[in-house]
Amino acid sequence: MPELPEVETTLRGIRPYLDGARIERLIVRDPRLRRPIPPETAERVAGQAVRSLSRRSKYLLIGLDQGSLLIHLGMSGSLRVVPADSAPKKHDHLDLVLADRRCLRLHDPRRFGLFLWLPETPELAESRHPLLRGLGPEPLGSAFDGDHLHRLSRERRVAVKIFLMDAAVVVGVGNIYANESLFLAGIHPARACHRIGLERYRRLAEVIRGVLDASITQGGTTLRDFVQENGNPGYFAQSLRVYGRTGEPCVACGAPIRQRRIGQRSSFYCVHCQH
DNA sequence: AGCTCAACCTGCTGGC
DNA sequence: TGCCAGCAGGTTGAGC
């Protein structure tokens, strides 16, 4: 589920409950995430207050009195704030219990997620931690534009869709939004990235911003099971123009949407509208 | 340096 | 109804 809009939606949902809250304790029911949760994590966070909440790429950063928490939702993770005494369901792997008797509960069936305590502040982690330091600009920030994409693509030959999904180029453009953005920009996903000119990249950058903004506004994309912090689904799925619409008519020209794999990922496009 | 591919998991869907 | 293959929103790291 989570692409950048889903992570942003989650951040906005949990912020009111977490900001300034004191963490009573951490209950880990299953430490086996993509990287196992280290056993000492619980004692590191107990008793600390939450000083800040932020997002970098699809990572959530929670600044504490001492150090910070780095959370990633992987492919199937979600976070909800629930009463601390409510019964955990299957795949509810941990509870961050707050002093007000609520808890932040992590649910992640595929366990591709990440939950790590880091000794440094969120700011230092962003610039120094191996998982964060090499990341490209935020797609909704001022450092991202068509000129950036054009510059980085000159020496590369990969398909533009792979280029867009490379976190060193720009973060937060996952498979759904890469497909949607390329459709809206009229660019074929398999086109070599160095064979696209500056004007088309400027258009593409604008479209990426627009798609991500619209999705955040609608609370993220619910495919199978994404729920916001409050348990509601996101509503962006109904706005998808090509993703998952193989064989259905293109919304612009009526030609059937094609599907093929590009770089291991399913890609959806209209041969008539995208070149 | 740049790229491809496998791996980490469970759950859902569609075909037989 | 059941079984099984194939596929899924992400990211890392090995190896060419």
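Since the model is a prediction, treat every value here as computed from it, not as a measurement. Residue numbers begin at 1 in each chain, while the letters A, B, ... track the order of the sequences.
Using a 4.0 Å cut-off between a side-chain N of Lys or Arg and a carboxylate O of Asp or Glu, R51(A) and D65(A) qualify as a salt bridge. Look at R128(A) and E120(A) and you find no salt bridge, because none of the NZ, NE, NH1 or NH2 atoms lies under 4.0 Å from a carboxylate O. Residues R25(A) and D95(A) are not paired through a salt bridge, judged by the lack of any N-O separation under 4.0 Å between the basic side chain and the carboxylate.
Looking only at side-chain heavy atoms (C-beta outward), V28(A) and L26(A) come within less than 4.5 Å of each other.
Note: CG (D108(A)) to C1' (dG9(C)) measures 12 Å, nearest angstrom. Counting to the nearest Å, the P atom of dG9(C) and the CD atom of E180(A) are 13 Å from each other. Taking atom CG of residue L152(A) and atom P of nucleotide dA1(B), one finds them 15 Å apart after rounding to whole Å.
Side-chain contact check for H93(A) and D108(A): no donor-acceptor pair (N or O, by modelled atom type) lies under 3.5 Å.
Look at the P atom in both dC3(C) and dC9(B): the space between them is 25 Å, to the nearest Å. Comparing dG9(C) with dG14(B), their P atoms are spaced 16 Å from each other, to the whole Å.
Applying the 4.0 Å criterion to OP1 and OP2 of dG9(C), one finds that Y177(A) has every side-chain N and O outside that range. A close approach under 4.0 Å does not occur between any side-chain nitrogen or oxygen of R265(A) and OP1 or OP2 of dC7(C). Note on R110(A): every side-chain N or O is 4.0 Å or more away from OP1 and OP2 of dG9(C). The side chain of H72(A) contributes no N or O atom lying less than 4.0 Å from OP1 or OP2 of dG10(C). Phosphate proximity of dG11(B) to K90(A): present, with a side-chain N or O under 4.0 Å from OP1 or OP2.
Looking at which nucleotide of DNA chain B each of R156(A) and R32(A) is closest to, the 5′-most match is held by R156(A).
Judged by ring centres under 5.5 Å apart and planes tilted less than 30 degrees, F112(A) fails to stack against the six-membered base ring of dT11(C).
Pairing for dC9(B) is absent, judged as Watson-Crick or G-U wobble with the two contacts each under 3.5 Å.
R157(A) comes within 4.0 angstrom of sugar-phosphate atoms only, judged by non-hydrogen atoms across all strands, and of no base.
Hydrophobic clustering places L11(A) together with L104(A) (ILVMFWY residues linked when any side-chain heavy atoms are closer than 4.5 Å, directly or through intermediates). Each of V7(A) and L116(A) belongs to its own hydrophobic cluster when Ile, Leu, Val, Met, Phe, Trp and Tyr are linked at side-chain heavy-atom distances under 4.5 angstrom.
Counting only heavy atoms from C-beta on, V158(A) has its side chain closest to dT4(B) among dC9(B), dA8(C), dT4(B).
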Atom pairs, protein N/O to nucleotides 12-16 of chain C N/O, distance under 3.5 Å:
unit_1	atom_1	unit_2	atom_2	d
dT12(C)	OP1	Y59(A)	OH	3.2
dT12(C)	O4'	R34(A)	NH1	3.4

